[in-house]
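Beneath this line is the structure, given in structure tokens, with notes to follow.
All residue numbers refer to positions in the sequence shown, counting from 1.
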Amino acid sequence: TCRILKGYTSSGAKSGNNGANGSDAGVVSIYPNPAKDVLYVAAVKGAVVTLLDQGGRILAMHTIDKAEVTIDLSNMAKGAYMIQVQSHGEVITEQVVKM
């Protein structure tokens, strides 16, 4: 499953400068979810992607310098994690599952 969020605030509303006008400039894609060994996060260049455990501890942090970043989950335990994407003053947090 590919999760595409346009400034989604998890309350059913869009956020960010482009949320209301339908522009794809603020699109974040997190896939696949659930993931086995690799997770991909696509967002705007310069966005900071952070992988967190359920306790809020930072496990990995990447800055997007191309179209997307690849996060290696192969050495992580099965379970739920959080992906946080920060860009242009906006923060999007989504739960991902490692199978």
Side-chain donor-acceptor pair under 3.5 Å between Glu68 and Tyr31, yes or no? yes

Side-chain contact test, heavy atoms from C-beta onward, threshold under 4.5 Å: evaluate it for [X] versus [Y] and give yes or no.
X     : Y     : value
Thr50 : Ile83 : no
Gln84 : Val49 : no
Val91 : Val85 : no
Leu51 : Leu73 : yes

Taking Leu39 as the starting point, is it possible to reach Val48 by hopping between hydrophobic residues whose side chains are less than 4.5 Å apart? no

Asp37: partners by salt bridge (charged side-chain N to carboxylate O under 4.0 Å, His left out), with sequence neighbours left out: none

Identify the heavy atoms of Val38 and Pro32 that sit nearest to each other, and give their distance. O-CD, 3.7 Å

What is the minimum heavy-atom distance between Ala43 and Val28, and which atoms define it? CB-CG2, 4.1 Å

Can you check whether Lys36's main-chain N or O pairs, donor with acceptor, with Lys98's side chain at less than 3.5 Å? yes

For the pair Asn33 (side chain) and Gln95 (backbone), establish whether a donor and an acceptor sit closer than 3.5 Å, ignoring hydrogens and angles. yes

Working to the nearest 0.5 angstrom, can you tell me the gap between [X] [atom1] and [Y] [atom2]?
X     : Y     : atom1 : atom2 : value
Lys45 : Thr63 : NZ    : OG1   : 11.5 Å
Tyr40 : Ile30 : OH    : CD1   : 14.5 Å
Tyr81 : Met76 : OH    : CE    : 6.0 Å
Met82 : Ile58 : CE    : CD1   : 13.5 Å
Leu52 : Leu59 : CG    : CG    : 7.0 Å

